[in-house]
Amino acid sequence: MTDADPATPKFSRVMLKISGEALMGDAGYGLHPPTVERIAQEVAAVHELGVEICMVIGGGNIFRGLQGSAQGMERTTADYMGMLATVMNALAMQSALEKLGVFCRVISAIRMDEVAEPYIRRRAVRHLEKKRVCIFAAGTGNPYFTTDTAATLRANEMNCDAIFKGTKVDGVYDRDPVACSEAQRYDRVTYDEVLARHLKVMDASAIALARDNDLPIIVFSLDEPGGFKGILAGQGAYTTVHG
Ligand code: UDP
């Protein structure tokens with residue numbers, strides 16, 4: 001895997017999942033435009049290779065349903081607010097990608113025709129075939145889910161080769177690598193081990209959905225410049241979650 005040529009990606013269609021917090025930079029809340037631009041550049045570099053790209057961006061930099069319900073808000077309402085937060089993030093990413101000349105569509109699971117296209121599977125597939133980046137917004141459109149599950153669902157529907165989960169660290173560790181310097185990174189780990197050991201990759205429903213459909217999850221660092229492109233060519237450090 002390490003000597004692969006970056007010019008020949010092994011994947012033709014991928015799902016990139018990032019959390020809302022990835023767009024926040026060092027700010028405590030919301031969007032940090034230079035960070036959004038930096039991530040857009042990472043996506044554009046992969047797009048240039050001809051890889052078809054789906055994206056799901058979380059909403060945790062703005063609002064999470066669980067936070068709202070902990071503060072006494074009705075859970076379903078709070079979750080809808082969380083889903084709306086993902087639409088704002090998706091629009092920010094669309095704007096940054098289009099500035100780089102990458103054609104892009106925001107596709108929402110909740111209808112808001114003035115803002116984004118509704119989710120119609122065959123239309124989204126056509127966008128991908130035309131090399132437009134598809135950002136799937138508003139999660140699954142249902143409360144009690146997360147954007148990890150939304151990313152896994154759409155990756156299955158779009159027949160993606162893998163989910164690329166961009167995080168702050170370069171893979172899955174047996175312990176928190178920030179808190180514990182002796183934490184060991186897995187090169188490969190099975191879905192069942194992730195679930196049994198409660199490893200922090202994605203939530204359990206997303207892992208189970210990936211497992212049941214044999215969809216690999218590749219966990220890598222989004223902070224490494226050129227990292228996304230490198231990982232697609234099998235270079236750099238990452239963890240593959242597999243069956
Ligand atoms: N959400 C939801 N249904 C979905 C996806 C998301 O209700 O299908 C809500 C949920 O409240 C969640 C919020 O949207 O807390 C933001 O998504 P998430 O927590 O996954 O964002 P991330 O942690 O990736 O930034």
Side-chain angles (χ1 to χ4, degrees), residues 1-22 38-39 41-58 60 146-156 158-243:
M1 288 280 282
T2 46
D3 294 321
D5 176 6
T8 51
K10 292 156 57 21
F11 301 95
S12 52
R13 182 178 293 171
V14 300
M15 164 63 71
L16 173 64
K17 164 69 194 0
I18 60 176
S19 71
E21 282 176 5
R38 185 183 64 74
I39 295 175
Q41 278 162 5
E42 295 287 318
V43 175
V46 170
H47 182 257
E48 231 168 62
L49 298 175
V51 178
E52 294 171 4
I53 304 172
C54 304
M55 278 183 89
V56 167
I57 308 172
T146 67
T147 52
D148 282 347
T149 307
T152 313
L153 173 67
R154 295 294 186 234
N156 281 319
M158 295 295 122
N159 297 318
C160 289
D161 300 317
I163 302 181
F164 286 75
K165 166 103 176 171
T167 69
K168 284 188 194 319
V169 289
D170 59 358
V172 183
Y173 284 76
D174 57 355
R175 281 159 286 178
D176 180 354
V178 181
C180 176
S181 60
E182 274 152 39
Q184 298 282 317
R185 186 174 56 76
Y186 296 93
D187 279 335
R188 293 170 68 77
V189 63
T190 64
Y191 304 108
D192 287 337
E193 278 176 278
V194 168
L195 291 173
R197 297 189 191 174
H198 302 281
L199 299 174
K200 289 205 171 90
V201 179
M202 286 181 159
D203 60 75
S205 4
I207 298 289
L209 189 57
R211 178 191 61 192
D212 295 351
N213 295 284
D214 221 0
L215 180 69
I217 304 168
I218 293 163
V219 183
F220 71 103
S221 166
L222 205 60
D223 290 346
E224 192 64 41
F228 184 29
K229 184 175 168 180
I231 299 295
L232 268 158
Q235 297 175 332
Y238 57 92
T239 298
T240 306
V241 185
H242 63 99

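Quick caveat, the model's predicted, so the values are computed rather than measured.
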All N/O donor-acceptor pairs, side-chain side in residues 208-227, below 3.5 Å, sequence neighbours left out:
unit_1, atom_1, unit_2, atom_2, d
Arg211, NH1, Asp192, OD1, 2.8
Asn213, ND2, Leu209, O, 2.8
Ser221, OG, Asp223, N, 3.0

(request) Kindly indicate whether the side chain of Phe228, heavy atoms from C-beta on, has any atom under 4.5 Å from the side chain of Val14. (result) yes
(message) Checking side-chain contact (heavy atoms from CB on, under 4.5 Å) between Arg185 and each of Asp174, Val172, Thr239, which is the one that passes?
(response) Thr239
(request) Please round to the nearest 0.5 Å and tell me the distance separating atom CG of Asn156 and atom CE of Met15. (result) 9.0 Å
(request) Drop me the distance from Cys160's SG to Glu52's CD, to the nearest 0.5 angstrom. (result) 9.0 Å
(request) Kindly give the heavy-atom pair with the smallest separation between Ile163 and Ala155, and that separation in Å. (result) CG1-CB, 3.9 Å
(request) Any chance you could measure Arg188, atom CZ, to Thr240, atom OG1, to the nearest 0.5 Å? (result) 5.5 Å
(request) To the nearest 0.5 angstrom, please state how far the OG atom of Ser12 sits from the CG atom of Leu49. (result) 12.5 Å
(message) So that I can tick it off, tell me whether Lys165 and Asp148 are bridged by a salt bridge, with the cut-off set at under 4.0 angstrom between side-chain N and carboxylate O.
(response) yes
(message) Show the nearest heavy-atom pair for residues Gly243 and Tyr191, with the distance to one decimal.
(response) N-CE1, 3.2 Å
(message) Main chain of Met158, side chain of Arg13: is a donor-acceptor contact present, judged purely on distance under 3.5 Å?
(response) yes
(message) Within this structure, what is the CE-CD1 distance for the pair Met55 and Ile39, rounded to the nearest 0.5 Å?
(response) 7.0 Å
(message) A side-chain contact here means heavy atoms from C-beta on lying under 4.5 Å apart; do Lys17 and Met202 qualify?
(response) yes
(message) Using side chain to side chain contact (heavy atoms under 4.5 Å, CB included), reason through Thr190 and His242 one step at a time and then give a plain yes or no.
(response) CA-CA 5 Å; Thr190 64; His242 63 99; 4.0 Å; yes
(message) Looking at every non-hydrogen atom in both residues, tell me the closest pair between Pro177 and Val169 and how far apart they are.
(response) CG-CG1, 3.8 Å
(request) Considering non-hydrogen atoms only, spot the tightest contact between Tyr238 and Gly236 and give its length. (result) CD2-O, 3.4 Å
(message) I need the Glu21 CD to Ile18 CD1 distance, nearest 0.5 Å.
(response) 11.5 Å
(message) When you measure from the side chain of Thr147 to the backbone of Ala150, do you find a donor-acceptor pair of N or O atoms at a distance under 3.5 Å?
(response) no
(message) Taking side-chain hydrogen bond (donor to acceptor under 3.5 Å, both in side chains) as the definition, give me every residue that meets it alongside Asp203, ordered by chain and number, with sequence neighbours left out.
(response) Thr146, Thr149, Ser205
